[in-house]
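Take a look at the structure set out below.
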Amino acid sequence: MQPTAPAMAKETDVLIIGAGPFGICLAANVQQLGLDYLMVGKPMEFWEQNMPKGMYLRSACDWHLDVSGEHTIEHFLAQQHLTPVDVEPLSLEFYRSYVQWFLAQKQLNNLPVYVQQLDQQADGSFIAQMEDGSLIRAQKVVIAVGFKYLVNVPEDLLTVLSAGHFVHTCDFVDLEQMRGKSCLILGGRQSAFEWAALLAEADAKAIHLVYRHDTPAFAEADWSWVNKIVDAMGDDPDWYRNLLEAEKKEVSYRLWAEGRLKLEPWLKDRVSGENVHWWPNTRMAASTVQPDGTINVQLDSGEQMVVDQIILATGYKAAVARVPFLQSGNILPLLAVEDGFPELDESFQTNLPGLFITSLLAGRDFGPFFGFTVSVRSSAKLIGRGLVGKG
């Protein structure tokens, strides 16, 4: 039985679920297009609560949020008599200050409340039940939830980890609590080394980095080719999906090589202290919780260590079925999904007319670039085109 829309539901043409960079950029473009919309969620909450102080980003000043090209990072800098050279690499604090400025300039229509359940009605419209009990009826919905629900914990690690005695990087951002303590980081890419650097600067007693591959090179990543591809997709949205499988793998590997086979050079000195230990080409073989709460860890190399905390720097993985407000509604059973990704058309619309999905969950049809903020403008441009009915 299809749920019906109560008369007291708030009405909007476009409901944007998610208030991170993808949602904010889209809301600004939808507003520019003159559409009636509402963005729900707490702006940049994940960036504020799930990323540690002192973190630096891999993006540059050209990864801004404005489709119109007006309120760019360079414009923000110019008002402060600064240039990109003065602020790159971008700190988390700087980027958040840019987004706050962007929000102030755009004055977006935002409701800082979470969606609890999303349903599609018999007439094709949508009803969102909010956590505060209010209801929103929308003709079209865009899901731009980012990474919050997509934490990746590999199955093979679960067999050697003690339940309740490990935490993902995004849930472990108060690094001062590790002062004088020891930790093990599982993972050997950028986030693992960044957490290691910040933990070392927080005076952790010992930091062990355990990863199953060679140590990536400390070398500056080249993202310039990515910008060209992603910007061009605004005019050719089918570019990635029309590639041969071998070509998709080649593009994905090239991006992977920049992001995964390289570590930013500004990290090297910060992870070279005596309290940071690298364990390349190594896996954790077992872990046992001691009576005092510490964890005895055995590596497959035979080495053993005792740590106070295990941190997983294992990234994120597309799994649309893990979005909570879809689990509780009637949409998920109707959604066409492959390998965790929803199937999308050239405007990011799912097989359910009026329902659009972007960010990391768009990777199947638009490529791995959509896990990065470099793609927010192309995403907003194409979804905006779909919302106004232009193919």
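Everything numeric here is computed off the predicted structure, so don't read it as measured data. Position 1 is the first residue of the sequence, and the numbers go up from there.
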Using side chain to side chain contact (heavy atoms under 4.5 Å, CB included), reason through Lys140 and Leu387 one step at a time and then give a plain yes or no. CA-CA 8 Å; Lys140 297 176 181 179; Leu387 292 173; 3.7 Å; yes

For a side chain to side chain contact (heavy atoms under 4.5 Å, CB included) check, start with the C-alpha distance between Phe76 and His64, then their side-chain angles and the critical distance, and finish with the verdict. CA-CA 10 Å; Phe76 176 57; His64 66 82; over 6 Å; no

Determine, step by step, whether Met39 and Leu15 satisfy the side chain to side chain contact (heavy atoms under 4.5 Å, CB included) criterion, reporting the C-alpha distance in whole Å, the side-chain angles of both residues, the deciding distance to 0.1 Å, and the verdict. CA-CA 6 Å; Met39 177 177 67; Leu15 175 64; over 6 Å; no

Give the intermediate values and the outcome of ring pair (Phe, Tyr, Trp, His ring centres under 6.0 Å) for residues Tyr56 and Trp266. CA-CA 10 Å; Tyr56 284 88; Trp266 39 261; 5.4 Å; yes

Working note: Val173 + Trp195, criterion side chain to side chain contact (heavy atoms under 4.5 Å, CB included); need CA distance, chi angles, decisive distance, verdict. CA-CA 9 Å; Val173 296; Trp195 257 253; 4.3 Å; yes

List the steps, then state whether side-chain hydrogen bond (donor to acceptor under 3.5 Å, both in side chains) holds for Trp225 with Glu258. CA-CA 11 Å; Trp225 63 279; Glu258 292 298 332; 4.6 Å; no

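With hydrogens and angles ignored, the 3.5 Å screen pairs no side-chain donor or acceptor of Ser359 with any backbone N or O of Leu361. Within the 3.5 Å criterion, the main-chain N or O of Met284 finds no donor-acceptor partner in the side chain of Asp300. Judged by distance alone, with hydrogens and angles left aside, the side-chain atoms of Asn275 form no donor-acceptor pair with the main-chain N or O of Ala206 at under 3.5 Å. Judged by distance alone, the side chain of Thr72 and the main-chain N or O of His75 form a donor-acceptor pair under 3.5 Å. Without hydrogens or angle criteria, Asp345 side chain to Gln349 main chain gives a donor-acceptor distance under 3.5 Å. Looking only at distances, no side-chain donor or acceptor of Arg385 sits under 3.5 Å from a matching main-chain atom of Glu346. Under the 3.5 Å distance criterion, the side-chain polar atoms of Glu194 are left unmatched by any main-chain donor or acceptor of Ser191. Put simply, the side chain of Gln120 gets close to the backbone of Gly124: a donor and an acceptor are under 3.5 Å apart. Without hydrogens or angle criteria, Gln327 side chain to Ala321 main chain gives a donor-acceptor distance under 3.5 Å. Of the possible donor and acceptor atoms, none in the side chain of Gln117 sits under 3.5 Å from a partner among the backbone N and O of Leu326.
Each of Val306 and Leu299 belongs to its own hydrophobic cluster when Ile, Leu, Val, Met, Phe, Trp and Tyr are linked at side-chain heavy-atom distances under 4.5 angstrom. Tyr211 and Trp256 are assigned to two separate hydrophobic clusters, defined by single-linkage of ILVMFWY side chains at heavy-atom distances under 4.5 Å. In the hydrophobic clustering of ILVMFWY residues, with side-chain heavy atoms under 4.5 Å counting as a link, Leu103 and Val67 come out apart. In the hydrophobic clustering of this structure, Tyr253 does not group with Ile229; members are Ile, Leu, Val, Met, Phe, Trp, Tyr whose side-chain heavy atoms approach within less than 4.5 Å, directly or through other members.
Between Thr373 and Ser59, the side chains place no donor N or O within less than 3.5 Å of an acceptor N or O (distance only, hydrogens not considered). Defined by atom type and a distance below 3.5 Å, a donor-acceptor pair is present between the side-chain atoms of Gln129 and Gln116.
The residues Asp235 and Lys381 are annotated as salt-bridged, a charged nitrogen and a carboxylate oxygen being separated by less than 4.0 angstrom. Ion pairing between a basic and an acidic side chain is recognised when a charged N comes within 4.0 Å of a carboxylate O; Glu250 and Arg254 show no such pairing. Arg137 and Asp123 are joined by a salt bridge, as a carboxylate oxygen and a charged side-chain nitrogen come within less than 4.0 angstrom of each other. Of the charged side-chain nitrogens involved, none lies within less than 4.0 Å of a carboxylate oxygen, so that Asp174 and Lys53 do not count as a salt-bridged pair. Salt bridge Asp66/Lys106: present, at least one basic N to carboxylate O contact under 4.0 Å.
In this structure, Glu220 places its CD atom where only 12 or fewer heavy-atom neighbours from other residues, nucleotides or ligands lie under 6.0 Å away. At most 12 heavy atoms of other shown residues, nucleotides or ligands fall within 6.0 angstrom of atom CD in Glu274.
Leu332 and Val320 make their closest contact through CD1-O, 4.3 Å (heavy atoms, listed as atom of the first residue, atom of the second, distance). Contact record, Asn296 with Gln304: OD1-OE1, 3.3 Å, taken as the closest heavy-atom pair. Considering all non-hydrogen atoms of both residues, Pro280 and Thr215 come closest at CB-OG1, 3.7 Å. Minimum heavy-atom separation, Ser287 to Ile295: CB-CG2, 3.9 Å. Pairing each heavy atom of Gly384 with each of Asn29, the nearest pair is CA-ND2, 4.1 Å. For the pair Gly187 and Leu209, the tightest heavy-atom approach, listed with the atom from each and the gap, is O-CD2, 3.8 Å.
Distance check: Ser125 OG to Gln139 CD gives 5.5 Å after rounding to the nearest 0.5 Å. Atoms CG and OG, from Leu382 and Ser347 in turn, are 7.5 Å apart once rounded to the nearest 0.5 Å. We find the NZ-CE distance between Lys181 and Met178 to be 6.5 Å, quoted to the nearest 0.5 Å. Interatomic distance, Ile311 CD1 to Ile185 CD1, rounded to the nearest 0.5 Å: 5.0 Å. Separating the CH2 atom in Trp223 from the NZ atom in Lys228 is a distance of 15.5 Å, to the nearest 0.5 Å.
Residues Ile331 and Phe126 are in side-chain contact: their nearest non-hydrogen atoms beyond the backbone lie under 4.5 Å apart. Side-chain contact between His71 and Ser68 is absent, with no heavy atoms from C-beta onward closer than 4.5 Å. Phe341 places none of its side-chain heavy atoms less than 4.5 Å from the side chain of Asp365. Taking the side chain as every heavy atom from C-beta outward, Val297 and His208 never approach each other to under 4.5 Å. Within the 4.5 Å cutoff, no side-chain heavy atoms of Phe369 are placed close to those of Asn227. Contact annotation: the side chain of Leu267 approaches that of Gln190 to within less than 4.5 Å [non-hydrogen atoms, C-beta and beyond]. With contacts defined as side-chain heavy-atom distances shorter than 4.5 Å, the pair Pro43/Phe102 does not qualify. Here the side chains of Leu111 and Ile136 are in contact, with some heavy-atom distance below 4.5 Å.
In this structure, Phe193 has its ring center closer than 6.0 angstrom to the ring center of Trp278. Ring centers of Phe348 and Phe366: under 6.0 Å apart, within the cut-off.
Remark: Lys262 fails to qualify as a cation-pi partner of Phe218 under the 6.0 Å distance and 45° angle criteria applied to the six-membered ring.
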Show the atom names and distances, to 0.1 Å, of all donor-acceptor pairs under 3.5 Å that link a side chain in residues 88-96 to residues at least two apart or in another chain.
{"residue": "Glu88", "atom": "OE2", "partner": "Cys61", "partner atom": "N", "Å": "3.0"}
{"residue": "Ser91", "atom": "OG", "partner": "Phe94", "partner atom": "N", "Å": "2.9"}
{"residue": "Glu93", "atom": "OE2", "partner": "Gly54", "partner atom": "N", "Å": "3.2"}
{"residue": "Arg96", "atom": "NH1", "partner": "Trp47", "partner atom": "O", "Å": "3.2"}

Name each donor-acceptor pair under 3.5 Å that joins a side chain in residues 142-158 to protein atoms two or more places apart or in another chain, with its distance.
{"residue": "Lys148", "atom": "NZ", "partner": "Tyr114", "partner atom": "OH", "Å": "3.2"}
{"residue": "Asn152", "atom": "ND2", "partner": "Thr314", "partner atom": "O", "Å": "3.1"}
{"residue": "Asp156", "atom": "OD2", "partner": "Arg212", "partner atom": "NH1", "Å": "3.3"}
{"residue": "Asp156", "atom": "OD2", "partner": "Arg212", "partner atom": "NH2", "Å": "3.1"}

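The aromatic rings of Phe22 and Phe370 lie tilted to each other, with the angle between the two planes from 30° to 60°.
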